[in-house]
Every structure is written in C-alpha cells, then in structure tokens.
Number of protein chains: 2
Amino acid sequence: MRTVDPAKRRARRRHIVNAATELFAAQGFERTTTAEICKAAGMSAGNLFHYFRSKRAIFHAVFVDDEPEDGVATKSERLAAARAADDPWTALLDTVDLLAGPAAEPLVPALVMEAMIQAHRDPELEALLSRDNDEERSTLTTLLRKASASGQIDPTLDPDDTAAWVMALIAALYTSAATEPSFSPAGQLPTLRLILQRFLRPHATPVPEGPRP
Amino acid sequence: MRTVDPAKRRARRRHIVNAATELFAAQGFERTTTAEICKAAGMSAGNLFHYFRSKRAIFHAVFVDDEPEDGVATKSERLAAARAADDPWTALLDTVDLLAGPAAEPLVPALVMEAMIQAHRDPELEALLSRDNDEERSTLTTLLRKASASGQIDPTLDPDDTAAWVMALIAALYTSAATEPSFSPAGQLPTLRLILQRFLRPHATPVPEGPRP
DNA sequence: GTCTATACTCAGATAGAC
DNA sequence: GTCTATCTGAGTATAGAC
C-alpha cells in the first residue's frame with residue numbers, strides 16, 4: 001500500500017506556501033484567489049485542498065511554517081540570549097536590530113501589514129501572532145528594566161509603556177516600508193536607533209518648578 | 001414636478017456613510033457586504049445604489065465627505081496657519097497634536113488602517129489619501145526647516161527624512177491603537193511628544209574623532 | 001465541476017413639488 | 001394632475017471557495 005512520505009508532503013506544502021506568499025504580499029489575502037494560488041503553484045484546486053483545509057490555512061502557514069535551519073539560532077533563541085546578556089543596553093540595540101531586520105526583505109513589510117489586518121478578523125491568527133508578539137515585548141520590557149536599574153536608560157520611563165513604544169517604532173518601519181515606496185528600511189534603521197537612543201538614554205533632570213523648602 | 005433637494009440628498013448620503021463607517025471599521029472593506037450596509041442604513045439595495053455608484057464609492061466617501069462646519073477651521077486651514085506661525089517649534093507640536101488627535105476617536109484607528117490597506121489596491125483612493133498626506137508632510141518639513149534655522153531643533157537632522165519619521169510616529173499611534181486593545185492613544189500622546197522632543201531638540205555636539213588640523 | 005455568496009440592476013410603486 | 005426623485009425587493013450575473 002502507498003504510504004505518505006512526510007518529507008515530501010512538507011516540501012509540497014512549502015512549495016504552495018511560497019507561491020501563495022508572493023500573491024498575498026502583492027494583493028492581500030482577500031484579493032488573492034485560490035485559483036491564482038493553484039496556477040502559481042502549478043496544481044489543481046483538488047490537489048491544493050488536499051494539502052490545506054482552506055485558503056485561510058495557507059495564509060496561517062506563511063507565518064508559522066518556518067522550519068528551523070541547522071546551525072542558525074531561531075528568533076526565540078536569540079531573544080532568550082538577549083534577556084540573559086550582561087550588558088542590557090547593547091542587548092536592547094541588538095534586539096531592535098533583530099526585530100527590525102526583516103523589514104528590509106522585499107515581501108515582508110506588505111505581509112506583516114496584511115497579517116496585522118487579518119488578525120483583527122481571525123482569532124486563530126490573532127492567537128498565533130500574539131504569542132510571538134508577547135515574547136518580543138516581554139524581552140524588551142526585561143531589557144528596559146535591567147538597563148534602567150543599571151543606570152543605562154532614563155529611570156523615569158515606565159518599562160511596559162516604553163516597550164510598547166519601542167515595538168510601535170519598529171512596527172512603523174514595517175508600515176512605512178509597506179506604504180511609502182521611497183522609504184528604505186535598511187537606510188532608515190540608523191535613524192530608528194538614533195531616535196531610541198535619544199529617547200531612552202538618561203537625561204539631566206529638569207529643575208522642578210515651584211517653591212522649595 | 002418634484003425637484004431634488006440638495007440638502008436632503010447630502011443628509012441621506014451622510015446617513016449611509018455613517019452606517020457603513022461602523023461596519024468598515026469593525027469588519028474591513030471586503031468583509032462588509034452591501035446587504036449589511038442596507039440593513040444598517042434601513043433601506044433597500046436599489047435605494048442605496050441610487051446614492052452611491054458602488055460599494056467602493058461609499059468607502060471613499062468615508063474619507064472625503066467631511067462637510068466643513070461653520071466656525072470651525074478645517075484641517076487644511078490649521079496646517080496653513082501652522083506653516084505661517086511665528087514660533088515653528090510650538091507650531092510643530094500643535095501640528096502633531098492636530099494629526100494625532102483623531103486617533104483617540106473610537107472608530108478612527110481601524111478605519112485609517114483599512115484605508116492604508118485599500119489604498120494599495122485602489123489607485124483612486126490612493127490619490128485621494130496622498131493629497132492629504134502630502135499636505136501634512138510638507139507642513140512638517142517646512143516647520144522642521146524653520147525650527148532648524150532658528151536653532152530650535154538639531155540642525156544635523158535632514159528635514160525630509162525627519163518629517164517622514166514624525167509622520168511614521170504619528171501613524172504608529174494609529175496602528176497601535178488599532179491592533180493593541182490596551183493601547184490608549186489619548187494616554188500615550190504625551191509620550192509621543194516626549195519622544196519627539198528628545199529626538200528633535202538640539203544636542204551637545206559630540207567631539208569628532210580622528211586627527212584635527 | 002459545484003454551489004454559495006454577493007455586488008449590483010430593474011421594473012415598478014409612492015409621493016412630493018410644480 | 002403631471003412629472004420625477006425617492007424607494008422597494010426580487011432577480012441576475014459572476015466570482016470564487018472548495
């Protein structure tokens with residue numbers, strides 16, 4: 001009897017996901033038809049739906065089917081390393097680079113944008129993405145707290161709020177790249193670092209107003 | 001014979017747009033059906049399409065049908081006033097408030113997000129929005145240039161790049177509000193101002209490295 | 001190939017302005 | 001009374017998931 005070859009099946013799934021990824025990035029989820037995906041992947045509708053239960057499932061796979069490659073640390077591992085690093089400020093800058101880096105890849109900003117939108121309407125995707133998101137934000141919060149304790153950043157900043165803003169600034173890199181053709185994420189990364197540096201590093205305390213004892 | 005009453009017709013269009021706005025904000029453009037809009041507006045499909053040529057036209061109207069109210073300055077007028085203001089730094093902060101303010105309204109962040117997405121796929125909407133966008137950015141560029149000349153901000157910052165980043169930071173307020181339920185735009189506006197202040201205000205010039213004559 | 005979902009249409013009913 | 005803006009809702013054509 002014929003048995004399934006898991007490696008072959010995975011490869012076939014990846015082939016479909018790769019084809020679909022370009023379409024989703026260029027046209028978005030709703031405007032990409034399964035017929036287009038079939039054509040791009042070179043297969044029939046029947047065959048496509050043998051590998052994925054729905055168009056939605058293909059979209060989800062774009063964001064989770066990343067096979068770990070040997071010898072390369074995963075994002076999770078690198079975040080854990082940052083949390084354990086000796087110098088929290090350097091680790092913070094490294095983490096920002098880690099999170100902002102993919103914005104320079106051609107399809108990624110559009111896909112991230114689309115994922116944000118779709119997460120609104122798709123609780124399963126929402127859950128999928130928020131796991132990643134929580135890990136990123138909690139790493140930043142940890143680093144901000146440590147850097148604050150060691151006097152490397154302004155201690156008046158609230159670590160939770162500030163982590164949310166660091167995430168927002170990184171997200172801005174993606175959305176700007178997705179919406180403005182002239183915006184180059186690679187070229188603007190140094191400016192992002194500059195903004196963060198000036199925002200976070202300790203400042204001379206302003207003289208408090210009002211009468212003093 | 002019966003004649004058209006322009007005021008009544010406008011009011012009816014607004015009624016439809018208001019009903020549709022909530023649906024577009026909650027579900028997005030593609031997932032909102034014309035049948036739903038009809039139901040929400042309390043009218044038949046035939047009547048709906050008597051007022052709008054297409055579903056798309058309703059979506060466009062969400063962003064352009066803002067009637068100027070008497071006694072209240074329009075955004076354009078306020079931007080022009082800022083460009084002509086005496087104190088460019090104060091005018092810059094005011095302009096940031098003006099552009100960031102709507103993020104505090106409940107439906108706006110989701111709508112702005114949806115507009116960004118749809119603009120990708122709809123050249124007419126793209127043109128519509130980029131007119132607004134260009135006016136906002138060029139106002140910021142002008143103010144940055146003036147503030148730079150008068151020593152109010154760091155002269156090493158490029159006005160065009162910096163204006164793009166100020167826009168990106170404001171956009172981050174909208175996207176964060178749209179995607180993170182715990183993020184309060186009104187509460188975070190002071191932090192946005194703080195980030196901008198620290199980013200833009202003049203800094204002590206670092207001692208240049210290398211040999212000097 | 002099948003079948004559902006949905007943007008839009010049309011033939012006609014109602015009613016207000018002249 | 002006539003004419004036409006406004007409105008109805010069943011109907012159609014088509015797209016697109018499966």
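Just so it is clear, the model here is predicted, and its values are computed rather than measured. Order of the sequence lines fixes the chain letters, A, B, ..., with proteins taken first and strands second; residue numbering starts at 1 for each chain.
B:Asn47 places no side-chain N or O within 3.5 Å of a backbone atom of B:Met43 that could act as its donor or acceptor partner. Judged purely by atom type and a 3.5 angstrom limit, B:Glu180 has no side-chain atom pairing as donor or acceptor with the backbone of B:Ala177. A distance-only check finds no donor-acceptor pair linking the side chain of B:Gln188 to the backbone of B:Pro185 [under 3.5 Å]. Checking side-chain atoms of A:Arg13 against main-chain N and O of A:Tyr51 turns up a donor-acceptor pair under 3.5 Å. In this structure a side-chain-to-backbone donor-acceptor pair under 3.5 Å is missing from A:Lys75 to A:Leu99. B:Lys146 contributes a side-chain N or O that, together with a main-chain N or O of B:Ala85, makes up a donor-acceptor pair within less than 3.5 Å.
Annotation: ring-ring contact (aromatic ring centres under 6.0 Å, His included) contacts involving residues 22-47 of chain A, sequence neighbours excluded, comprise A:Phe24-A:Phe29, A:Phe24-A:Phe59, A:Phe29-A:Phe59.
Side-chain contact check for A:Arg83 and A:Thr139: at least one donor-acceptor pair (N or O, by modelled atom type) lies under 3.5 Å.
Residues of residues 120-129 of chain A that place a heavy atom closer than 4.0 Å to DNA chain D do not occur.
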Under the salt bridge (charged side-chain N to carboxylate O under 4.0 Å, His left out) rule, what do B:Asp160 and B:Arg137 come out as? Steps first, then yes or no, please. CA-CA 8 Å; B:Asp160 287 301; B:Arg137 182 164 50 232; over 6 Å; no
Worked check of salt bridge (charged side-chain N to carboxylate O under 4.0 Å, His left out) between A:Glu124 and A:Arg56: CA-CA 10 Å; A:Glu124 203 181 329; A:Arg56 193 128 244 147; over 6 Å; no
Could you walk me through whether B:Glu126 and B:Gln118 pass side chain to side chain donor-acceptor pair (under 3.5 Å), step by step? CA-CA 8 Å; B:Glu126 161 97 65; B:Gln118 293 302 322; over 6 Å; no
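Each end of the helix from C:dG1-D:dC18 to C:dC18-D:dG1 yields a helix axis from five base pairs, and these two axes differ in direction by 10° (to the nearest 10 degrees).
Boundaries of the chain B contact region on DNA chain C are C:dT6 to C:dC18, first to last in 5' to 3' order (nucleotide atom under 4.0 Å from a heavy atom).
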Can you check nucleotides 5-11 of chain D for protein contacts, nitrogen or oxygen pairs under 3.5 Å, and list what you find?
unit_1: D:dA5; atom_1: N3; unit_2: B:Arg2; atom_2: NH1; d: 3.2
unit_1: D:dT6; atom_1: OP2; unit_2: B:Arg9; atom_2: NH1; d: 2.7
unit_1: D:dT6; atom_1: OP2; unit_2: B:His50; atom_2: NE2; d: 3.2
unit_1: D:dC7; atom_1: OP1; unit_2: B:Arg12; atom_2: NE; d: 3.0
unit_1: D:dC7; atom_1: OP2; unit_2: B:Arg12; atom_2: NE; d: 3.4
unit_1: D:dC7; atom_1: OP2; unit_2: B:Asn47; atom_2: ND2; d: 3.3
unit_1: D:dC7; atom_1: OP2; unit_2: B:Tyr51; atom_2: OH; d: 2.4
unit_1: D:dC7; atom_1: O5'; unit_2: B:Asn47; atom_2: ND2; d: 2.7
unit_1: D:dT8; atom_1: OP2; unit_2: B:Ser44; atom_2: N; d: 2.9
unit_1: D:dT8; atom_1: OP2; unit_2: B:Ser44; atom_2: OG; d: 3.3
unit_1: D:dG9; atom_1: O6; unit_2: B:Gly46; atom_2: N; d: 3.0

Measure all distances between protein nitrogen or oxygen atoms and nitrogen or oxygen atoms of nucleotides 12-15 of chain D, and list the pairs falling under 3.5 Å.
none

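What you find for A:Asp158 and A:Thr162 is that their closest heavy atoms are O-OG1, 2.6 Å. Between A:Met113 and A:Ala178, the closest heavy-atom pair is SD-CB, 4.0 Å. Residues A:Ala40 and A:Leu23 come closest through the heavy atom pair CB-CD1, 4.0 Å.
Inter-residue side-chain proximity for B:Pro88 and B:Ser150 is flagged as met; some heavy-atom pair is nearer than 4.5 Å.
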